[in-house]
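Presented below is the structure to which this report refers.
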Amino acid sequence: MAFTGKDQVWMNGKLVAWKDATVHVATHALHYGTGIFEGIRAYETKHGSAVYRLPEHMRRLYDSCRVYRMDPPWPLEELSAAVLDTVRANGYASCYIRPLVWRGVESLGLDPRPCPVEASVIVWEWSAMFGAEGLEKGIDVGVSSWTRLAPNTLPAMAKASANYANSALIKMQASLDGYGEAIALDESGLVSEGSGQNLFLVRDKVIHTPAINSSILQGITRDSVITIARDLGYDVREAAIPREMLYLADEAFFCGTAVEVTPVRSIDKITVGNGARGPVTAAIQQHFFGIIKGDIPDTHRWLTPVASTVAR
Ligand code: PMP
C-alpha cells in the first residue's frame, strides 16, 4: 500500500487536504484504542466503479459504535455518502476505503464518554494483498502462539481499534517466523481466524468455517463466501473447528476485504491438500472476482455505484 499524500480526506464533515487531516496528541483513541473502523474496497467493474457491500460495512461500523456507547454525530446515511464523496473526490476507479470513528480530546480518564466522537474517511490505492501469485498459489501460514480475544474481554464482533493490538502481535510473529499470515485459536484452543481475515476449510467437498462464538469478526467477505458457496450448491457449516482439522483439510483459504479470497497452501509446514489451489477455492474465487469485475450479475446487490450520491 502507498499513501501519496495528495489525497483528499473527509474529516468531521468536510473534505480537507491530506496534510490537514490531523489530530491532537491528547486524543483519547490514541492513548486507549477507543476507535472504531471499517475496511472497504471500491472496485472497477465493467459498469463503472462501485463500492463493495457499503451498507453492510456501514451497519457494522455503527453496530461497533453502539457496543462502545459511541454515538457518531453523523447519521449512517451521511457517513455512507461521505465514503462515496471521498472516493469520487480522489478519482480512484478502485481503492481501499478506511472510515474511522474515534473519541477525541476532552479528558484522558478511562471513561471515554466525555470525549467528542469524531470521524474521518481516507482512501488509497491497494491491489491484491499477497499479489497475483498469492491469489493463485496460496500462502504459507502458521498457528499463532497468541490467542484471539477471549469472550468478555474485548468484544470480537465490534471492529474496535483496540482489538488490533492483538492482531499486530499475531501478524508480527507470523512475519518473523517467515509466514505470510497466521491462524489464531480462541481461548479454548479452537480455530478462530487470521490477524485480519476469516478462515475457511474444505474437507470432502464440505466447507467449514468457525462460527461467531469462536472470537471472530463476523466478516462481510465471509458472508459473501458463504452465500456464493451455497449458490454454487456447496454444503457450508459454521461450527467450532478443532485445531487438527487444519492439518486434515483438503483445502483452506482466507477471506476478507484486504485478502479477498486467498488460498492457504501450508499450515505449520504441513501441506494443505496437494499444495495447489483446490477446486472449491478456485470456484469461489472465480465467482467472487466475477461479481466485483461485473462479469457475473450482481444478484445479491453487493455493489453500490461510486457515481450514486446516496448509498442504495
Ligand atoms: N477478521 C478480522 C479480525 C478482520 O480485521 C477482518 C477485516 N475487517 C476480517 C476478519 C474480515 O472481515 P471483512 O470481510 O468484513 O473485511
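Numbers for residues simply follow the sequence, beginning at 1. As the structure lists them, so they are numbered: ligands from 1, and atoms in each ligand from 1.
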Shortest protein contact, atom 7 (C) of ligand 1 (heavy atom only): G196 O, 3.5 Å

Closest protein heavy atom to atom 16 (O) of ligand 1, given as residue, atom name and distance to 0.1 Å: T257 OG1, 2.6 Å

Modelled atom types, side-chain donor and acceptor of D298 and H47, under 3.5 Å: no

Per-atom contacts of ligand 1 with L217, taking only distances under 4.0 Å to non-hydrogen atoms: 1 (N), 2 (C), 4 (C), 6 (C), 8 (N), 9 (C), 10 (C), 12 (O)

Protein heavy atom at shortest distance from atom 12 (O) of ligand 1: G219 CA, 3.4 Å

Distance-only N or O hit between ligand 1 and G194, under 3.5 Å: no

Expected output: side-chain T153 to main-chain L149 donor-acceptor under 3.5 Å: no

Nitrogen or oxygen atoms of Q218 and ligand 1 under 3.5 Å apart: no

Ligand 1 N/O within reach of H57 N/O, cut-off under 3.5 Å: no

Atom 11 (C) of ligand 1: the protein heavy-atom neighbour that sits closest, reported with distance to 0.1 Å: N198 OD1, 3.6 Å

Minimum side-chain heavy-atom gap D268-L246 below 4.5 Å: no

Proximity to ligand 1 by part of A258, non-hydrogen separation under 4.0 Å: neither

K159-ligand 1 polar pair, N/O distance under 3.5 Å: yes

Heteroatom distance test (S167, ligand 1): nitrogen or oxygen, under 3.5 angstrom: no

Where ligand 1 meets G256 - atom numbers and elements under 4.0 angstrom, heavy-atom basis: 11 (C), 14 (O), 16 (O)

Contact check, side chains of S161 and L100, non-hydrogen atoms, under 4.5 Å: yes

Carboxylate-amine/guanidinium proximity below 4.0 Å for D63 and R66: no

Residue portion contacting ligand 1 (non-hydrogen atoms closer than 4.0 Å) for E38: neither

Residue, atom name and distance, where the atom is the protein heavy atom closest to atom 14 (O) of ligand 1: T221 OG1, 2.6 Å

Distance-only donor-acceptor check, side chains T221 and E260, under 3.5 Å: no

Distance-only donor-acceptor check, side chains E193 and N198, under 3.5 Å: yes

Of R59, R60, K159, the residue whose pairing with E38 passes salt bridge (charged side-chain N to carboxylate O under 4.0 Å, His left out): R60

S195 neighbourhood, listing ligand 1 atoms whose heavy-atom distance to it stays under 4.0 Å: 3 (C)

Within one Ile-Leu-Val-Met-Phe-Trp-Tyr cluster: L303 and I296, side-chain cutoff 4.5 Å: yes

Atom 5 (O) of ligand 1: the protein heavy-atom neighbour that sits closest, reported with distance to 0.1 Å: Y164 OH, 2.5 Å

N/O separation below 3.5 Å, R222 to ligand 1: no

Ligand 1 atoms in contact with E193 (distance to a heavy atom under 4.0 Å): 1 (N), 2 (C), 3 (C), 10 (C)

Y234 reachable from V225 in the ILVMFWY side-chain graph, under 4.5 Å edges: yes

R148/E187 salt bridge by N-O under 4.0 Å criterion: no

